[in-house]
Amino acid sequence: QVQLVESGGGLVQAGGSLRLSCAASGRAFSVRTMAWFRQAPGKVREFVASSTGSAGNTYYADSVKGRFTISRDNAKNSVYLQMNSLKPEDTAVYYCAAAAYSGNYFEANEYDFWGQGTQVTVSS
């Protein structure tokens, strides 16, 4: 089993920055693909960014490319999401997710473990 705990959400003005953290417990963190998803009220959960476990490749949704950066520290079993130039449309609950294996996964149903989510609110 893997447990994920997110932190770092909050309220920020448009143009500001936030850094989300996700601490993982359990086995084989370094080989798992880790990702961030978000869900705004009334919308489906959407992919934001991922980091594969083996090659360390990173992928981003077009809506956040160039503004968000995903990183991981395998020694600390942690993954991060640095969010810059935030926009009101980035407002959502952000979830950390872990896959069972390393791979290129972009759909929520491809991830096996989820955190409880952290609220990010961007005011205009």
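This chain uses plain numbering: 1 for the first residue, then up along the sequence. Heavy atoms only: backbone and side chains are in, while hydrogens, waters and symmetry mates are out. Values in this document were obtained by computation on a predicted structure and should not be read as measured data.
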Euclidean distance, [Y] [atom2] relative to [X] [atom1], rounded to 0.5 Å:
| X | Y | atom1 | atom2 | value |
| --- | --- | --- | --- | --- |
| Leu18 | Leu81 | CG | CG | 9.5 Å |
| Thr118 | Trp36 | OG1 | CH2 | 7.5 Å |
| Tyr101 | Glu110 | OH | CD | 13.5 Å |

Between [X] and [Y], is there a donor-acceptor pair closer than 3.5 Å when you use the side chain of the first and the backbone of the second?
| X | Y | result |
| --- | --- | --- |
| Thr33 | Ser102 | no |
| Arg67 | Ser85 | yes |
| Tyr111 | Tyr105 | yes |
| Ser63 | Ala61 | no |
| Ser50 | Ala35 | no |
| Arg45 | Ala108 | no |

Going by heavy atoms in the side chains, are Lys87 and Val122 under 4.5 Å from each other?
->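 The answer is no; the side chains never approach within 4.5 Å.
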Tell me, do Val2 and Arg32 make a side-chain contact under 4.5 Å, heavy atoms counted?
-> yes
Do we see a donor-acceptor contact under 3.5 Å between the side chains of Asn84 and Ser17?
->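 There is such a pair between these side chains.
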Contacts table for residues 93-100: side-chain donor-acceptor under 3.5 angstrom, sequence neighbours left out:
from, atom 1, to, atom 2, distance (Å)
Tyr94, OH, Arg38, NH1, 2.9
Tyr94, OH, Asp90, O, 2.6

Could you report the tightest heavy-atom contact between [X] and [Y], atom names first, then the distance?
| X | Y | result |
| --- | --- | --- |
| Val120 | Gly9 | CG2-CA, 4.1 Å |
| Leu4 | Ala24 | CD2-CB, 3.5 Å |
| Ser78 | Ala23 | OG-CA, 4.1 Å |

Looking at Tyr80, is Arg19 sitting on its ring face, NZ or CZ under 6.0 Å from the six-membered ring centre and within 45 degrees of the normal?
-> yes
Listed partners of Asn109 passing side chain to side chain donor-acceptor pair (under 3.5 Å), at least two apart |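 By the side chain to side chain donor-acceptor pair (under 3.5 Å) rule, Asn109 matches no residue at all.
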Report whether Leu20 and Ile70 are members of the same hydrophobic cluster (ILVMFWY, side-chain heavy atoms less than 4.5 Å apart, transitive linking).
->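 Yes, because Leu20 and Ile70 connect within a single hydrophobic cluster, where side-chain heavy atoms sit under 4.5 Å apart.
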Same apolar cluster (I L V M F W Y, side chains within < 4.5 Å links), Met34/Phe37 | no
Can you name the side-chain contact (heavy atoms from CB on, under 4.5 Å) partners of Ser25, sequence neighbours left out?
-> Gln3
Tell me, which pairs form a ring-ring contact (aromatic ring centres under 6.0 Å, His included) where one or both residues lie in residues 51-70, sequence neighbours left out?
-> Tyr59-Phe106
Tracing side-chain links under 4.5 Å among I, L, V, M, F, W and Y, which residues wind up in one group with Val44?
->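 Joined to Val44, directly or through intermediates: none.
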side-chain hydrogen bond (donor to acceptor under 3.5 Å, both in side chains) contacts in which one or both residues fall within residues 4-14, not counting sequence neighbours = Glu6-Gln116
So with a 6.0 Å cut-off around NZ of Lys65, is the heavy-atom count from everything else above 12?
-> yes
Passing option when Val12 is tested against Leu86, Thr91, Thr121 for side chain to side chain contact (heavy atoms under 4.5 Å, CB included) |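 Going through Leu86, Thr91, Thr121 one by one, the side chain to side chain contact (heavy atoms under 4.5 Å, CB included) with Val12 is satisfied by Leu86 alone.
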